Amino acid sequence: MKRAVYPGSFDPVTFGHLDVIKRASEIFDVLIVSVLNNREKTPLFSVEERVKILKEATKDLPNVQIDSFSGLLINYAKENDLHIAVRGLRAITDFEYELQIAQTNKLLSGGKLDTIFLTTSLEYSYLSSSSVKEIASFGGDISKCVPEFLIPQIYEKFNAKG
Ligand code: PNS
């Protein structure tokens with residue numbers, strides 16, 4: 001059975017991420033989307049909230065599982081017997097960062113964790129979680145960026161911040 005992990009912050013998940021999730025779920029038998037619990041960042045949504053949101057957003061994809069992890073991806077992959085990480089590439093600007101992570105993971109895992117890149121569909125190549133947060137923080141329209149059910153949750157976060 002071919003299993004892969006798609007790690008990320010997903011704060012919040014966007015149509016760009018969901019495009020990668022859908023396409024990867026058609027390539028692998030099981031795709032585990034795993035939310036990084038990053039203590040250095042101050043996220044908009046907690047890990048638990050992001051897991052719940054991802055579950056809702058992928059409920060029609062039966063071979064997609066949602067999980068979370070802390071620390072190094074290679075350790076999480078080893079513990080869960082995962083050998084392929086999936087990442088999306090939007091533009092050349094993503095490439096250097098992604099190449100560095102992929103090569104570090106390959107090295108640190110002793111060659112046991114490889115990374116496969118899916119180029120994001122052109123229609124979503126402009127999208128990022130950061131731009132969604134910035135647009136929402138100014139009350140802008142994010143309906144082309146995230147699933148409908150998520151829009152009020154994002155605005156609620158910014159309203160609570162004041
Ligand atoms: O959605 P993001 O924030 O671009 O995802 C980045 C992520 C989660 C893939 C990356 O930061 C990661 O795997 N972090 C876990 C820590 C780790 O393993 N670092 C080693 C790679 S340099």
Side-chain angles (χ1 to χ4, degrees), residues 2-25 27-28 30-58 61 64-137 142 144-147 150 153-154 157-158:
K2 274 188 292 170
R3 293 158 76 240
V5 57
Y6 178 20
S9 302
F10 306 107
D11 185 42
V13 68
T14 67
F15 282 142
H17 296 127
L18 291 170
D19 172 53
V20 171
I21 291 173
K22 183 163 189 311
R23 286 159 56 211
S25 76
I27 297 171
F28 297 99
V30 175
L31 178 72
I32 300 163
V33 180
S34 203
V35 178
L36 173 67
N37 189 355
N38 189 345
R39 279 165 297 168
E40 279 170 31
K41 284 190 188 171
T42 314
L44 188 63
F45 290 98
S46 70
V47 172
E48 294 74 23
E49 287 170 326
R50 281 178 272 161
V51 165
K52 200 170 162 220
I53 289 165
L54 276 162
K55 281 186 179 166
E56 173 68 21
T58 60
L61 301 172
V64 172
Q65 298 169 9
I66 313 298
D67 195 15
S68 62
F69 74 104
S70 305
L72 291 178
L73 179 65
I74 51 151
N75 292 339
Y76 172 76
K78 192 175 175 192
E79 282 158 20
N80 292 281
D81 197 25
L82 294 160
H83 303 283
I84 300 170
V86 174
R87 293 283 290 168
L89 275 182
R90 285 167 301 189
I92 196 76
T93 41
D94 282 341
F95 183 72
E96 259 185 75
Y97 170 67
E98 293 295 341
L99 183 71
Q100 188 190 357
I101 295 183
Q103 286 177 336
T104 307
N105 284 336
K106 180 100 177 167
L107 185 78
L108 290 181
S109 67
K112 292 213 166 69
L113 182 64
D114 233 319
T115 305
I116 284 185
F117 295 105
L118 288 180
T119 49
T120 306
S121 300
L122 265 185
E123 58 194 302
Y124 302 127
S125 59
Y126 64 94
L127 259 182
S128 72
S129 298
S130 312
S131 60
V132 169
K133 283 184 272 196
E134 184 160 3
I135 296 165
S137 73
I142 51 170
K144 290 191 173 64
C145 308
V146 300
L150 183 52
Q153 296 185 46
I154 295 174
K157 288 282 179 189
F158 285 106

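Residues take their numbers from the sequence shown, with the count starting at 1. In this text the structure is predicted, and so the values were computed from the model without any measurement. We count ligands from 1, going down the list as the structure has it; atoms in each ligand are counted the same way. Reckoned from all heavy atoms, side chains included, excluding hydrogens, waters and symmetry mates.
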heavy-atom search around atom 17 (C) of ligand 1 in the protein gives Leu72 CD2, 3.6 Å

Smallest heavy-atom separation, Pro147 atom then Val13 atom, equals CD-O, 4.4 Å

Among protein heavy atoms, which lies nearest atom 7 (C) of ligand 1, and at what distance? Arg87 NH1, 4.3 Å

Less than 3.5 Å between some nitrogen or oxygen of Ser9 and one of ligand 1, yes or no? yes

All salt bridge (Lys or Arg N to Asp or Glu O under 4.0 Å) counterparts of Arg23, not counting sequence neighbours: Asp19

Can an N or O of Ile101 be found at a distance shorter than 3.5 Å from an N or O of ligand 1? no

Using heavy atoms and a 4.0 Å limit, tell me yes or no: is Tyr76 in contact with ligand 1? no

Which class fits the ring pair Phe15 and Tyr124: parallel under 30°, tilted 30 to 60°, perpendicular over 60°? tilted

Within the supplied structure, the quantity of interest is the number of heavy atoms (other residues, nucleotides, ligands) at a distance under 6.0 Å from Tyr126 OH; does it exceed 12? yes

What pair of heavy atoms forms the shortest contact from Gly8 to Arg87, and how long is it? CA-NH1, 3.9 Å

Could you tell me the residue and atom name of the protein heavy atom closest to atom 13 (O) of ligand 1, and the distance to it rounded to 0.1 Å? Leu73 CB, 3.8 Å

Looking at residues at least two apart in the chain, or sitting in another chain, which of them share a side-chain contact (heavy atoms from CB on, under 4.5 Å) with Thr104? Gln100, Leu108

Gly71 to ligand 1, any heavy atom closer than 4.0 Å: yes

Taking every heavy atom of Ser25 against every heavy atom of Leu31, the minimum-distance pair comes out as N-CD2, 4.2 Å

Any N or O on Asn105 sitting closer than 3.5 Å to an N or O of ligand 1? no

Around atom 14 (N) of ligand 1, find the nearest protein heavy atom and jot down its residue, atom name and distance. Leu36 CD2, 3.7 Å

